Amino acid sequence: TALPISYDESKDGSIVVDDPNAVRDEVKEKVFSKGQSKRIWNELYKVIDSSDVLIQVLDARDPMGTRSSHIEKYLRKEKVYKHLVFLLNKCDLVPPWVTARWIQVLSAEFPTLAFHASITNPFGKGALIQLLRQFAKLHKDKKQISIGFIGYSKVGKSSILNNLRC
């Protein structure tokens, strides 16, 4: 004989309920709120406002993951007179054909340069300086232009600046 099966939905713990008032576990974790500080965004906008040329540093291993489409949209909409350049850093860590392909893809939107920030064997330093000199010619009314380096952490902004100082 078969036993009657009774099902009580209120006792079923595996049911997913969309409750708009519920707080998800991800929200409680502090790690998910990192990078959303108002102070960080304010600093970024200060750099954008004070720069004539902005260099967005991208990691050659993951250029699309280290891009900020939000900043790109902001510059296209609000700051059309600012110049944006992609600098594909750490290109020594990927095969040359990968670097060449990314330059081809990214150059469709903004000028893009490959770079390897190394004290002993730098790559792309001359091309970057030449490009910046061309931007300076566009701003003949100024004695000097301001350049801002933007990008996610660990993409090599400091290494590039140290390399340019040498």
Side-chain angles (χ1 to χ4, degrees), residues 26-27 29-166:
E26 293 90 358
V27 177
E29 296 291 329
K30 287 190 175 194
V31 72
F32 290 104
S33 66
K34 299 295 183 203
Q36 297 177 6
S37 165
K38 257 187 157 178
R39 184 185 56 80
I40 293 171
W41 283 102
N42 286 339
E43 288 297 318
L44 176 64
Y45 287 113
K46 278 185 199 174
V47 170
I48 291 171
D49 289 339
S50 65
S51 301
D52 299 311
V53 178
L54 287 158
I55 297 177
Q56 185 173 4
V57 181
L58 306 176
D59 191 322
R61 297 170 293 181
D62 184 18
M64 299 310 270
T66 53
R67 256 178 101 168
S68 176
S69 58
H70 172 77
I71 295 300
E72 294 167 31
K73 287 175 192 168
Y74 173 75
L75 290 172
R76 280 189 179 119
K77 186 178 177 186
E78 304 290 331
K79 307 283 184 180
V80 292
Y81 52 91
K82 303 273 183 185
H83 303 285
L84 180 65
V85 176
F86 288 145
L87 193 64
L88 199 58
N89 194 26
K90 302 182 182 183
C91 64
D92 59 310
L93 300 178
V94 296
W97 67 267
V98 172
T99 301
R101 183 68 178 122
W102 275 119
I103 288 173
Q104 185 181 18
V105 169
L106 295 169
S107 292
E109 295 182 63
F110 295 101
T112 306
L113 296 173
F115 202 87
H116 171 215
S118 166
I119 302 298
T120 57
N121 192 18
F123 176 79
K125 181 177 176 180
L128 178 59
I129 291 171
Q130 278 300 110
L131 183 63
L132 294 176
R133 284 185 179 143
Q134 289 176 2
F135 282 126
K137 287 180 183 176
L138 292 173
H139 296 274
K140 288 182 181 178
D141 56 322
K142 296 182 178 183
K143 268 190 167 179
Q144 60 188 19
I145 60 171
S146 296
I147 301 158
F149 284 82
I150 59 174
Y152 286 101
S153 61
K154 306 294 184 196
V155 292
K157 296 179 298 291
S158 297
S159 299
I160 292 166
L161 290 172
N162 290 335
N163 189 273
L164 291 174
R165 283 189 205 142
C166 296

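What you see is a predicted model, and the numbers here were worked out from it, not measured in a lab. Computed from heavy atoms alone, side chains included, the values below leave out hydrogens, waters and symmetry copies.
To the nearest 0.5 angstrom, D59 atom CG is 11.5 Å from L87 atom CG. Atom CE of M64 is separated from atom CG of D62 by 9.5 Å, given to the nearest 0.5 angstrom. I145 CD1 to H83 NE2: the interatomic distance, rounded to the nearest 0.5 Å, is 8.0 Å. Rounded to the nearest 0.5 Å, atoms CZ (F115) and CG (L58) are 13.5 Å apart.
Q56 places none of its side-chain heavy atoms less than 4.5 Å from the side chain of F110. You'll find the side chain of K125 stays beyond 4.5 Å of the side chain of L128, heavy atoms only. At least one side-chain heavy atom of L54 sits less than 4.5 Å from a side-chain heavy atom of V47. Between V85 and F135, some side-chain heavy-atom pair lies under the 4.5 Å cut-off. In this structure, I48 and L44 have side chains that are in contact, with non-hydrogen atoms separated by less than 4.5 Å. Side-chain contact check for L132 versus I55: some heavy-atom pair is nearer than 4.5 Å.
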Contacts table for residues 74-81: side-chain donor-acceptor under 3.5 angstrom, sequence neighbours left out:
{"residue": "R76", "atom": "NH2", "partner": "E109", "partner atom": "OE1", "Å": "3.4"}
{"residue": "K79", "atom": "NZ", "partner": "D49", "partner atom": "OD1", "Å": "2.9"}

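Within the structure, side chain to side chain donor-acceptor pair (under 3.5 Å) pairs that include any residue of residues 89-100 comprise D92-H116 (at least two apart or interchain). Listed by first and then second residue, the ring-ring contact (aromatic ring centres under 6.0 Å, His included) pairs that reach into residues 142-166 come to none, sequence neighbours excluded. For residues 93-103, no residue pair satisfies the salt bridge (Lys or Arg N to Asp or Glu O under 4.0 Å) rule, not counting sequence neighbours. The list of salt bridge (Lys or Arg N to Asp or Glu O under 4.0 Å) pairs with a residue in residues 141-166, not counting sequence neighbours, reads D52-K142.
Scanning both residues, F123 and C91, for their nearest heavy atoms gives CD2-SG, 3.9 Å. Between I119 and P122, the shortest heavy-atom distance links the atoms O-CD, 4.0 Å. Between P63 and L88, the shortest heavy-atom contact is CG-CD1, 3.8 Å.
Under the salt bridge (Lys or Arg N to Asp or Glu O under 4.0 Å) criterion, K82 pairs with no residue, sequence neighbours left out.
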Legend entry - side chain to side chain contact (heavy atoms under 4.5 Å, CB included) evaluation trace for I40 with E43: CA-CA 5 Å; I40 293 171; E43 288 297 318; 5.8 Å; no
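Side-chain N or O atoms of S159 include none that pairs as donor or acceptor with a backbone N or O of A117 at under 3.5 Å.
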